[in-house]
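One structure is given below, encoded as structure tokens.
Note on naming: letters A, B, ... go to the chains in the order of the sequence lines (proteins, then strands), and numbering restarts at 1 for each one. Since the structure is predicted, the reported quantities are computational estimates derived from the model, not experimental observations.
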Protein chains: 2
Amino acid sequence: MTDQTDLRLTPQRMAVLDVLRAAHDHPTAAEVYERVRRSSPRIGSATVYRTLALLVSTGQALELNLGGGAAARYDANVGRHDHAVCEGCGRAVDLDHPVPDGMMAEIARRSGFAITGYDLQFRGICPDCQAHGAGPARLEGPARPQ
Amino acid sequence: MTDQTDLRLTPQRMAVLDVLRAAHDHPTAAEVYERVRRSSPRIGSATVYRTLALLVSTGQALELNLGGGAAARYDANVGRHDHAVCEGCGRAVDLDHPVPDGMMAEIARRSGFAITGYDLQFRGICPDCQAHGAGPARLEGPARPQ
DNA sequence: TTGTATGCAAACATTTTGCAGCGTG
DNA sequence: CACGCTGCAAAATGTTTGCATACAA
């Protein structure tokens, strides 16, 4: 079914990929939709969802889950990198700080898993929110570092 | 505003916490609901959702986001730990393998964030799925253990 | 031409909310 | 015996699917 059949390069798919590559803010599917509409007003949201899923499954985009009830976010930067998510404003910034290789091997050994990768995201308050006083994006809770 | 008003210990809340503490499989809200019903048939799903949110916000449970379109999962093990998620069967197992302190400090320095914590989850194939051939939980991808 | 991709709208799945009555502290 | 909590059902999100048609290759 999902055979690597044909795969066509349609204007809609290009538009979605363009938007994603131009974005530096890890947009949600809804945000991608909104932006794509500016250049392709007749595109449907289903097409955006389908295209994002396609891009993810073909390795041209990453899907981020930043927790909470938040919707999935997408990132055209498919190189290895991590994220820091601001608990004040919800913004996510890219980081590149790989976990030591030995650690992956250690996890594999201890868990018996064949590890194929990992997702690492830091939580904290971004410089802006530290300055203006942490703006509330979540319910309230000044998250306590357990 | 951060009024820690009253907070009552009701049978429903105990039931939810009991289920969560007895569970070792990171159940979704729907699964918790299903299990709680066995002992409290008259409980409503809204109560389960409200209670899970309450437990999370009071630090008595963790919420996990294992990506995909998957629903949030809950964990009564609130001690610091990570997870390995099987791409075959979707199961998540606990791991305890802290990131070195120095790394947190380094991230903080480079990003300007005040880091309060992090979420780390490994992806891979669990021992069972390695044996029986990776069972399909996602779209299809016969993840090949190279 | 051929079958994939699209757009629309309805279907779905999950989580949240409104409200009247219940029951804990 | 006050006020928070509950159950029910409806509403709000976020995402997927069915189908007839448009269009890339």
Quiz item: For A/Asp82 and B/Ile107, what are the C-alpha separation, side-chain angles and deciding distance, and is it a side-chain contact (heavy atoms from CB on, under 4.5 Å)?
Solution: CA-CA 10 Å; A/Asp82 312 300; B/Ile107 296 291; 5.9 Å; no

Exercise. Please assess B/Cys89 against B/Asp128 for the test side-chain contact (heavy atoms from CB on, under 4.5 Å), listing each intermediate value before the final yes or no.
Key: CA-CA 9 Å; B/Cys89 60; B/Asp128 278 9; over 6 Å; no

Self-check item: Test side-chain contact (heavy atoms from CB on, under 4.5 Å) applied to B/Leu95 and A/Arg110, step by step
Solution: CA-CA 9 Å; B/Leu95 293 175; A/Arg110 299 215 300 210; 5.5 Å; no

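Residue A/Leu52 contributes atom CG, which lies 15 Å from atom P of D/dG14 at whole-angstrom precision. The interatomic distance linking A/Met14 (CE) with D/dA25 (P) rounds to 10 Å, in whole Å. Atom CD in A/Glu31 sits about 16 Å away from atom C1' in D/dT15, given to the nearest Å. Nucleotide D/dT15 holds its C1' atom 16 Å from the CG atom of A/Leu54, rounded to whole Å. At whole-Å resolution of the value, CG in B/Asn65 and P in D/dT15 are 12 Å apart. Between the CD atom of A/Glu63 and the P atom of D/dT16 there is a distance of 9 Å, given to the nearest Å. A straight line from CG of B/Leu9 to C1' of D/dG4 spans 13 Å, rounded to a whole angstrom.
With sequence neighbours excluded, the residues satisfying side chain to side chain donor-acceptor pair (under 3.5 Å) with A/Arg35 are A/Asp25. Here A/His83 pairs with A/His26, A/His81 under the ring-ring contact (aromatic ring centres under 6.0 Å, His included) rule; sequence neighbours left out.
In this structure, B/Thr47 contributes its side chain and B/Ile43 its backbone to no donor-acceptor pair below 3.5 Å. Looking at B/Arg123, its side chain does come within 3.5 Å of a backbone N or O of A/Tyr118 through a donor-acceptor pair. Judged by distance alone, the side chain of B/Gln130 and the main-chain N or O of A/Gly112 form a donor-acceptor pair under 3.5 Å.
Contacts between residues 32-43 of chain B and DNA chain C, defined by a heavy-atom separation under 4.0 Å, are absent.
A residue-by-residue look at A/Pro11 and B/Val48 shows that B/Val48 has its nearest nucleotide of DNA chain D further toward the 5' end.
Side-chain contact of A/Gln12 with A/Thr51: a donor-acceptor pair under 3.5 Å is absent, judged by distance alone.
Between D/dG7 and B/Gln12, a contact under 4.0 Å exists linking OP1 or OP2 to a side-chain N or O. Side-chain N/O atoms of B/Thr47 include one lying less than 4.0 angstrom from OP1 or OP2 on D/dG7. Applying the 4.0 Å criterion to OP1 and OP2 of D/dT6, one finds that B/Thr10 has a side-chain N or O inside that range.
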Practice problem: Going 5' to 3' through nucleotides 11-19 of chain C, assign each nucleotide B (protein heavy atom under 4.0 Å from a base atom), S (under 4.0 Å only from sugar-phosphate atoms) or - (no protein heavy atom that close). | Solution: ---SBBBB-

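Rounded to 10 degrees, the angle separating the terminal axes of the helix from C/dT1-D/dA25 to C/dG25-D/dC1 is 40°, with each axis obtained from five end pairs.
Applying the side-chain hydrogen bond (donor to acceptor under 3.5 Å, both in side chains) test to every pair with at least one member in residues 36-45 of chain A, sequence neighbours left out, gives no pairs at all.
Here the CG-CG distance, from A/Asp94 to A/Asp75, works out to 5.5 Å after rounding to the nearest 0.5 Å.
Residue A/Arg8 places its side chain closer to C/dT4 than to any other of C/dT24, D/dT6, C/dT4.
Note on A/Val32 and A/Leu55: same hydrophobic cluster, where clusters join Ile, Leu, Val, Met, Phe, Trp and Tyr whose side-chain heavy atoms are under 4.5 Å apart, directly or indirectly.
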